[in-house]
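Note that the structure is a prediction, hence the values are computed from the model and not measured.
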Amino acid sequence: MPTVARNIVDTLHASGVQRVYGIPGDSLNGFTDALRVAGTLDWVQTRHEEAAAFAASAEAQTTGELAVCAGSCGPGNLHLINGLYDAQRSRTPVLAIAAHIPSEEIGSGYFQETHPQEVFRECSVYVEQVSTAEQMPRLLRVAMREAIQKRGVAVLVIPGDVALQEIEAEPEAIRPALSTTVPAETELESAAEILNERSKVTILAGAGAADAHDQLLATAERLQAPIVHAMRGKEHIEYDNPYDVGMTGLLGFSSGYHAMEDAETLLVLGSDLPYQQFYPDAKVVQVDIRGEQIGRRARVDVGLVGGVAETLDALLPRLSEHRSSKHLDAMTKHYRRARKDLDSLASPSKRTIHPQYLARLIDEQAADDAVFLPDVGSPVVWASRYLTMNGRRRLIGSFAHGSMANAVSQAIGVQSVDRNRQVIAMAGDGGLAMLMGELMSLTQHDLPVKTVVFNNSSLNFVEVEMKAAGFVNYGTELANPNFADVAEATGIRGIRVESSAELPGAVEEFLAHDGSALLDVTTERQELSMPPTITAEQAKGFTLYAIRTVMSGRGDELIDLARNNARQLF
C-alpha cells in the first residue's frame with residue numbers, strides 16, 4: 001500500500017502542482033522519498049527555507065495556481081515563516097508541508113520541538129496537524145481548498161512517523177471552484193448617486209483590478225476621472241491608459257498624490273493602500289471582493305462587496321456621463337510634468353551612477369514580457385518609477401509584507417515555471433547578502449535568472465528614513481564584496497560596473513547572456529528617493545538630521561548629499 005506521504009504527492013500531482021520547494025530533513029524523509037519514487041513533481045532544493053516559501057509565493061503569483069513548499073521539523077519549518085507571511089499578505093495560494101517531531105514525543109520538550117499550529121496561525125488561512133494516517137486525506141483536501149478559495153496560506157503539520165504509515169486512499173484532484181460576486185442593486189444605486197453628483201472624481205485602483213482593465217478605462221471615461229494606482233496595481237493599471245496619473249503613497253510621485261488630494265469623490269477599486277495620510281477628505285466609494293476590507297483605511301460612504309470587473313459592469317449603466325474634463329485635464333497635465341521631472345533624473349553622470357539611470361536602462365533593454373522582482377528598499381522605489389508596464393510584463397515583490405531578500409528567492413519560483421522567460425531580480429546589496437546562498441540555487445537548478453545589484457554599500461532606504469526622522473545615519477553601512485566575483489565563484493556570469501559610461505553596454509551584455517548572470521553596479525549612496533509630498537514633520541526631521549550630522553563631525557556627508565541631489569532639491 002502507498003504511504004501517507006505518497007498519497008500527498010499523488011494528490012498534489014493530480015491537482016496540477018508541478019514542483020515543491022524546500023530543504024530535506026529527517027522528519028521530512030518520507031515526503032522527499034515519495035517525491036523521488038513517484039517522479040511526478042520536481043523537488044526544487046533551496047539553500048534556506050525562507051527562500052523556498054518566497055519561491056512558492058512568486059510561482060503562485062505568476063500562475064494564479066496553488067504552489068507548495070516544505071520544511072522539516074522545528075527550525076526547518078520555522079524558516080518558512082517569513083516567506084509564508086509574504087504569500088498570505090499578497091493573497092497568494094500556497095500550501096506548506098510542515099514536518100513535525102515523532103508523534104509520541106509531542107509535548108515532551110523533545111529535540112527541535114516547536115508548536116507549528118501556534119507558530120503559523122497568524123500567517124495562514126488554515127493550519128492543522130495530522131494525528132493519524134486515516135485523517136490525512138481529508139485534512140489535505142481541506143487545506144488545499146482553503147488555500148485556493150481564500151487565496152492564502154494553508155499549513156499541514158505532519159509528524160514524520162505519520163507520513164511513513166501506509167494508507168488505503170485514492171488521490172483526489174482539487175481544483176478551484178469559480179464564481180462571480182456582484183453587489184446588491186440597492187448598494188449599486190447608492191454608489192452611482194454619489195459618483196454622479198460630484199464633478200471631481202478620482203479612481204484609486206490596486207491589484208484587485210487585475211482582470212478589469214477594459215471596465216476600468218470605461219469607468220474613467222464616463223466619470224472623466226484620473227486613475228491613481230498603488231504599487232501592486234502598477235502592472236495591471238498603467239499600461240495603455242490615457243487616464244493614468246501615476247502612483248501615490250510613499251513610493252509614488254506628486255501627480256498621483258494631487259489627484260487624490262483634489263478629489264471630491266474617491267472610487268477605490270481593489271486596493272488596500274495602507275497609508276491613511278494619502279486618502280483625501282472626500283466622499284468614498286470602495287469596491288472589494290473581501291467585505292472585511294471595506295473602510296479599513298478611510299471612512300467609506302458606500303462599500304460594494306464584489307469583484308471589480310463584474311461590479312463595474314453592473315455599475316457603469318447607472319453612471320452619468322460627466323461633461324467637464326477640467327479635473328482630469330489638470331491631473332494628466334500634472335502627471336506629464338511629474339513624469340518629465342522624474343525622467344530627467346535618470347541620466348548618466350561623469351562622477352557617479354544614479355540608480356534611476358540603471359533602472360531606466362534595465363527597463364529599456366528588458367524583454368516585452370520580462371518579469372521584474374525588486375528587493376524591498378530603494379530597488380522598489382526605482383522599479384515603481386522607471387519600469388514600464390505593457391500588459392505582458394509582470395512586477396512581483398514583497399509589496400504588502402515588505403521583507404528584504406525577496407528578489408532572488410522569488411525569481412527562483414518565477415523562473416522555475418518558465419525557463420524561457422526573462423526574469424530580472426532587482427536586488428539591493430543588503431537584500432542579496434541576506435540570502436546570498438540562493439545564487440547557488442540558481443546554479444544548481446540551471447535557472448537563467450538575471451540579477452542586477454543596486455550596490456550602494458548601505459541599507460539605503462533605511463538611511464533615507466533616518467534622515468527624514470532626524471537621525472544621523474548609523475549602523476547602515478555595508479562592507480560589500482565584489483558581487484560579480486562572488487557570482488563567478490558560484491558558476492554565474494559576473495559583470496561589475498563602476499561608471500555611467502560603461503553601463504549601457506554592460507546592461508546589454510548582461511541581459512543577452514545565455515544563462516544566469518549578475519550585474520554588480522556601484523550606485524550613488526547619497527541618492528534621495530523623494531516622496532510625493534514633504535510633510536512639515538519630515539522637513540523638521542531632515543533639518544534636525546543636518547544639524548546632528550554636522551555636530552557629530554560628519555558634515556562632509558551633507559556636502560555629498562547636496563551635490564548628488566541638487567537636481568531634485570534645488
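The nearest pair of heavy atoms linking His213 to Tyr239 is NE2-O, 2.9 Å. Among all heavy-atom pairs drawn from Ala309 and Gln215, the shortest one is CB-NE2, 3.6 Å. Taking every heavy atom of both residues into account, Tyr21 and Arg19 meet most closely at OH-CD, 3.1 Å. Nearest heavy atom pair, residue Ala427 against residue Pro379, reads C-CG, 4.1 Å. Closest approach of Val162 to Val130, counting heavy atoms only: CG1-CG1, 3.9 Å. Summarising the geometry of Asp446 relative to Arg419, their closest heavy-atom pair is O-NH1, 3.0 Å, with the distance given to 0.1 Å.
Under a 3.5 Å cut-off, the side chain of Ser27 and the backbone N or O of Cys73 do form a donor-acceptor pair.
Salt bridge annotation for Arg145-Glu172: present, with a cationic side-chain nitrogen under 4.0 angstrom from a carboxylate oxygen. Salt bridge annotation for Glu235-Arg393: absent, with no cationic side-chain nitrogen under 4.0 angstrom from a carboxylate oxygen. A salt bridge links Asp272 with Arg297: the distance from a Lys NZ or Arg NE/NH1/NH2 to an Asp or Glu carboxylate oxygen falls below 4.0 Å. At a threshold of 4.0 Å, the pair Arg392-Asp369 does not count as salt-bridged, since none of the basic side-chain nitrogens sits closer than that to a carboxylate oxygen.
With 3.5 Å as the limit, one finds no donor-acceptor pair spanning the side chains of Thr63 and Glu59. In this structure, a donor-acceptor pair under 3.5 Å is absent between the side chains of Asp86 and Asn406. With hydrogens and angles left out, the side-chain atoms of His401 and Asn82 include a donor and acceptor closer than 3.5 Å. Side-chain contact of Ser441 with Gln444: a donor-acceptor pair under 3.5 Å is absent, judged by distance alone.
No side-chain heavy atom of Ser271 sits under 4.5 Å from any side-chain heavy atom of Arg232. Contact annotation: the side chain of Ile167 never approaches that of Thr3 to less than 4.5 Å [non-hydrogen atoms, C-beta and beyond]. When side chains are defined from C-beta on, Gln18 does not count as touching Val417, because their heavy atoms never get closer than 4.5 Å.
Between His79 and His48, the ring centre distance stays below 6.0 Å.
At most 12 non-hydrogen atoms from other residues, nucleotides or ligands lie less than 6.0 angstrom from CD of Glu168. Within a 6.0 Å sphere centred on CZ of Arg121, heavy atoms belonging to other residues, nucleotides or ligands number more than 12. Atom NE2 of His513 has more than 12 heavy atoms from other residues, nucleotides or ligands within 6.0 Å. Within 6.0 Å of CD on Glu488 lie more than 12 heavy atoms contributed by other residues, nucleotides or ligands. For Gln276, the CD atom sits in a loose shell: 12 or fewer heavy atoms of surrounding residues, nucleotides or ligands are nearer than 6.0 Å.
Here the OG atom belonging to Ser103 is positioned 7.0 Å from the CD atom belonging to Gln165, to the nearest 0.5 angstrom. Distance CG/Leu156 to CG/Leu139: 6.5 Å, rounded to 0.5 Å. Atom CZ of Arg91 sits about 11.5 Å away from atom NZ of Lys150, to the nearest 0.5 Å.
Just one residue in the list Ile97, Leu84, Val153, Ile23 forms a side chain to side chain contact (heavy atoms under 4.5 Å, CB included) with Cys69, and that residue is Leu84. The only member of Val44, Val9, Leu95, Leu41 that meets side chain to side chain contact (heavy atoms under 4.5 Å, CB included) when paired with Val20 is Leu41. Each of Val521, Leu518, Thr523 was checked for a side chain to side chain contact (heavy atoms under 4.5 Å, CB included) with Val453, and the lone residue meeting it is Leu518.
Taking the six-membered ring for Trp and thresholds of 30 and 60 degrees, Tyr386 and Trp382 have ring planes inclined between 30 and 60 degrees apart. Aromatic ring orientation, Trp43 versus Phe31: perpendicular (interplanar angle above 60°, classes split at 30° and 60°).
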